[in-house]
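Keep in mind that the numbers below use all heavy atoms, side chains included, and drop hydrogens, waters and symmetry copies. Both ligands and their constituent atoms are indexed starting at 1 by order of listing. As the structure is a prediction and not an experimental result, all values here were calculated from the model. Numbering of residues begins at 1 and proceeds along the displayed sequence.
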Amino acid sequence: MEKTLVILKPSAVQRSIVGEVVSRFEKKGLQIVGMKMVSLSDSILEEHYSHLKEKPFFKRIKDSMQVSPVIVMALEGLEAVEVVRMMAGPTNGRKAQPGTIRGDYSVSVQENIIHASDSPETAEAELKRFFLENEIFNYPSPAFVNLYAND
Ligand code: IDP
């Protein structure tokens, strides 16, 4: 089993589509093992988006992540990182396939509804960044056997 981090950005919270997006993950079979609403500080965003800090749009991204609180989620499943990235679609909502979250809800590069960890290593670091150890739960999923059969 693998865990991944999802952030429902202000573009999701402000448009009141949090439930719809969370529901997609639940329907897919991903288990919610952590979830909370938080306001993101400058310092956590500077760390989270450190790979973009030289970009001219860095301040805009930071500001847009602070327009409202966000929802951070920890999702668990087999190959959860890859599954969730595929469900998110590519960064640019205009280029994202219909059927993906960005493809269905976004027409923007910046306002693209969710963040999703891009590798198992990143997921581990990002989960630690946004959750305390006791905010991630380990509980049985009754659907587990049906979801994965003999995978
Ligand atoms: P990702 O979120 O698809 O992994 P990253 O390249 O890590 O993409 O970028 C992080 C976030 O920064 C994007 O989700 C998007 O909100 C924003 N972003 C990336 N590139 C641009 C850009 O060219 N203009 C405006 N915002 C951008």
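For H51, the closest heavy-atom approach to ligand 1 falls below 4.0 Å. Contact between R60 and ligand 1 is absent, with no heavy atom of the residue lying under 4.0 Å from the ligand.
Remark: minimum distance from atom 4 (O) of ligand 1 to any protein heavy atom is reached at R85 NH1, 3.0 Å. What sits closest to atom 15 (C) of ligand 1 on the protein, heavy atoms only, is V109 O, 3.3 Å. Regarding atom 17 (C) of ligand 1, its nearest protein heavy-atom neighbour is I61 CD1, 3.6 Å.
For ligand 1, the atoms lying closer than 4.0 Å to a non-hydrogen atom of R102 are 1 (P), 2 (O), 3 (O), 14 (O). Under a 4.0 Å criterion applied to the non-hydrogen atoms of L52, ligand 1 contributes the atoms 9 (O), 10 (C), 12 (O).
Here the CD-CG distance, from E2 to L75, works out to 11.5 Å after rounding to the nearest 0.5 Å. In this structure, D63 CG and L45 CG are separated by 9.5 Å, a value rounded to the nearest 0.5 Å. We find the CD-CG distance between E47 and D42 to be 13.0 Å, quoted to the nearest 0.5 Å.
At a 4.0 Å heavy-atom cut-off, ligand 1 does not touch D118 at all.
Minimum heavy-atom separation, I7 to F130: CD1-CZ, 3.8 Å. S106 and N112 get closest at one heavy-atom pair: OG-CA, 3.6 Å. For the pair Y105 and R15, the tightest heavy-atom approach, listed with the atom from each and the gap, is O-NH1, 2.7 Å.
Distances from atom 16 (O) of ligand 1 to the heavy atoms of Q110, H48, K62, M65 put Q110 nearest. Nearest to atom 24 (N) of ligand 1 by heavy atom, out of Y49, F58, F57, is F57.
Of the polar atoms of H115, none of the N or O atoms is found under 3.5 Å from an N or O of ligand 1, judged by distance alone. Checked by distance only, ligand 1 and N112 come closer than 3.5 Å through their nitrogen or oxygen atoms. Inclusion of T91 in the set of residues having an N or O under 3.5 Å from an N or O of ligand 1 is warranted.
Put simply, the side chain of R102 gets close to the backbone of I114: a donor and an acceptor are under 3.5 Å apart.
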Quiz prompt | Stepwise side-chain hydrogen bond (donor to acceptor under 3.5 Å, both in side chains) test for S117 and E126 | solution = CA-CA 7 Å; S117 306; E126 291 184 343; 2.7 Å; yes
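With respect to the salt-bridge test (charged N to carboxylate O, under 4.0 angstrom), the residues E46 and K62 qualify.
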